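Take a look at the structure below.
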Amino acid sequence: MSLDKNGIAKRIAQELEDGYYVNLGIGIPTLVANYVPENIEVVLQSENGLLGIGPFPKKGEADPDLINAGKQTVTTIAGSSFFDSSLSFAMIRGGHVDLTVLGAFEVTDKGDISSWKIPGKMVKGMGGAMDLVAAADNIIVATTHTDRNGNPKLIKECQLPLTGINCVKKIVSDLAVIDVTDKGFKLIERAPGVTVEEILEKTGAPLIVEGEVPEMVL
Amino acid sequence: MNKVVKNAKEAIEGMQNGQTFMLGGFGLCGIPENTINALVDEGLTDLICISNNAGIDGFGLGKLLRKHQIKKMISSYVGENKEFERQMLSGELEVDLIPQGTLAERLRAGGAGIPAFYVPAGYGTEVGEGKESREFNGKMHLLEHALSADFAIVKAWKGDAMGNLIYRETANNFNQPMAMAGKITIAEVEILVPTGKLNPNEIHTPGIFVQRIFKGVDYEKRIEFETVSD
């Protein structure tokens, strides 16, 4: 059975390590914050100038001066700090963030990613996505394996405008965990109940499959 | 030293049609509401605006867009404003979309006297088209240039007559780098205190960067996406 968006977030949360500073993009990536394992501590970085994002406020307590990068109201945690946008991107560009999670329209087997523009239809802007993918060493894409028309999103060549090149290292989709290696896509895990055949069929580029591919443990 | 002006109308004196101005804020957080209203009232046109976002329909920068007072926007994300998208897709409004981090650093560099610098963001994408690039430490970077403007309009929480500014929480965002980069920086503040009342340890923007300051009134401080846990 393919995962829902919470399942994808839950699997990505398994990649978190104690003491990590993490940037979560809008959409499915924000849900990763709900699945941080009990025994580890992770600090979330918000590119609009907050380190240490807390939970959403209680009803009636929303503060208009305290928002995340998706413009939702948030709170702080013990040890949070505020700073301006240039310092925020110094943290990001300077390689101080340990893990970046973002969504995508397309990812190629060379690690290229398109995520910000559909020409003529959706041109909202790239926000911080290009800075994040260009600087981070550790980038995980959270995505559905195919788009709503059933077309593969893991492909050989992006058709849509690029966000970055040679930058994605790992993809967690509703069907699989796939690493982007120097030899291309490699299947690491299957979603519970999903077969290798289904994954191969829905991937638009060669997929290395070695031996028995385990199921995700969620 | 006294940089205090009476209100937003006085603060924008000298601004002309066709000029470039920077406007602080991230979404609706930390936007200079009074000065935006003064720009609408003054009816300035053909403005080039550098701001991370474009407000929402009918509020923030949306007010200026609705009146077609802006001919070009330089931003990183303009998603929450339908009128903006419409004007952009139809060609009425020229738009330069640039990566948010590059935007922040171009502003900081503009204020800091650094004419150009290299960053990796956008290399290999349409953002890199026509730009010089160079390899550093085995990685490709784009040459980006400083941004400056006739006017930088910023919003702060507290300020004094010398133009020292303190920002509140995430309402800092682009205000701090922009305050450095305007030829004339206008600061609107919620709390204006006599000189000497701000703790020097707490000042975010030293007054040297600010030319005009006034106490704003009637802040709406709208929330774009009120999100609660219960």
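Everything numeric here is computed off the predicted structure, so don't read it as measured data. Numbers restart at 1 for each chain; the letters A, B, ... are given by sequence-line order, proteins then strands. FYI, side chains are in, hydrogens and waters are out, and symmetry mates aren't considered; it's all heavy atoms of this structure.
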Which residue out of [options] racks up the most heavy-atom pairs below 4.5 Å with chain A?
options                          : answer
N173(B), V95(B), V127(B)         : N173(B)
G128(B), G30(B), A104(B), A54(B) : A104(B)
C29(B), G27(B), A171(B)          : C29(B)

Against chain B, work out which of [options] has the most heavy-atom pairs shorter than 4.5 Å and name it.
options                           : value
S88(A), S114(A), A69(A)           : A69(A)
A90(A), G60(A), A62(A)            : A62(A)
C158(A), G127(A), G49(A)          : G127(A)
G125(A), A129(A), A134(A), S85(A) : S85(A)

Measure the spacing between [atom1] of [X] and [atom2] of [Y] and express it to the nearest 0.5 Å.
X       : Y       : atom1 : atom2 : answer
F174(B) : N48(A)  : CZ    : CG    : 9.5 Å
T125(B) : W116(A) : OG1   : CH2   : 7.0 Å
E169(B) : S80(A)  : CD    : OG    : 10.0 Å
K71(A)  : T170(B) : NZ    : OG1   : 11.5 Å
N166(A) : Y123(B) : CG    : OH    : 9.5 Å
I165(A) : M140(B) : CD1   : CE    : 9.0 Å

For [X], is it the side chain, the backbone, both or neither that has a heavy atom under 4.5 Å from a heavy atom of chain B?
X       : result
N68(A)  : backbone
T163(A) : backbone
I92(A)  : neither
F56(A)  : both
E47(A)  : both
P57(A)  : both

Taking all non-hydrogen atoms of both residues, which atom of [X] and which atom of [Y] are closest, and how far apart?
X       : Y       : value
M126(A) : L97(B)  : CE-O, 3.4 Å
R108(B) : S86(A)  : CD-OG, 3.6 Å
N172(B) : D84(A)  : OD1-CB, 3.3 Å
K139(B) : A135(A) : NZ-CA, 3.8 Å
M88(B)  : V123(A) : CE-O, 3.2 Å

Residues D63(A) and R168(B) bridged, charged N to O under 4.0 Å | yes
Minimum side-chain heavy-atom gap [X]-[Y] below 4.5 Å:
X       : Y       : answer
Q100(B) : M130(A) : no
Y77(B)  : K124(A) : yes
E126(B) : K117(A) : yes

Non-hydrogen atoms of chain A under 4.5 Å away: do they reach the side chain of [X], the backbone, both or neither?
X       : result
N53(B)  : side chain
E85(B)  : side chain
I98(B)  : backbone
Y167(B) : neither

Verdict with reasoning, I67(A) to F26(B), per side chain to side chain contact (heavy atoms under 4.5 Å, CB included) = CA-CA 9 Å; I67(A) 60 171; F26(B) 180 91; 3.9 Å; yes
Would you say T227(B)'s side chain and Q72(A)'s backbone share a donor-acceptor pair under 3.5 angstrom?
-> no
Count the heavy atoms of every other residue, nucleotide or ligand shown that sit under 6.0 Å from CD of E220(B), and state whether that count exceeds 12.
-> yes
What do the steps show when you test V228(B) against K58(A) for side chain to side chain contact (heavy atoms under 4.5 Å, CB included), and what is the final call?
-> CA-CA 5 Å; V228(B) 294; K58(A) 292 203 175 58; over 6 Å; no
Could you go through the side chain to side chain contact (heavy atoms under 4.5 Å, CB included) check for R93(A) and E105(B) one step at a time?
-> CA-CA 11 Å; R93(A) 195 188 306 105; E105(B) 193 60 22; 3.7 Å; yes
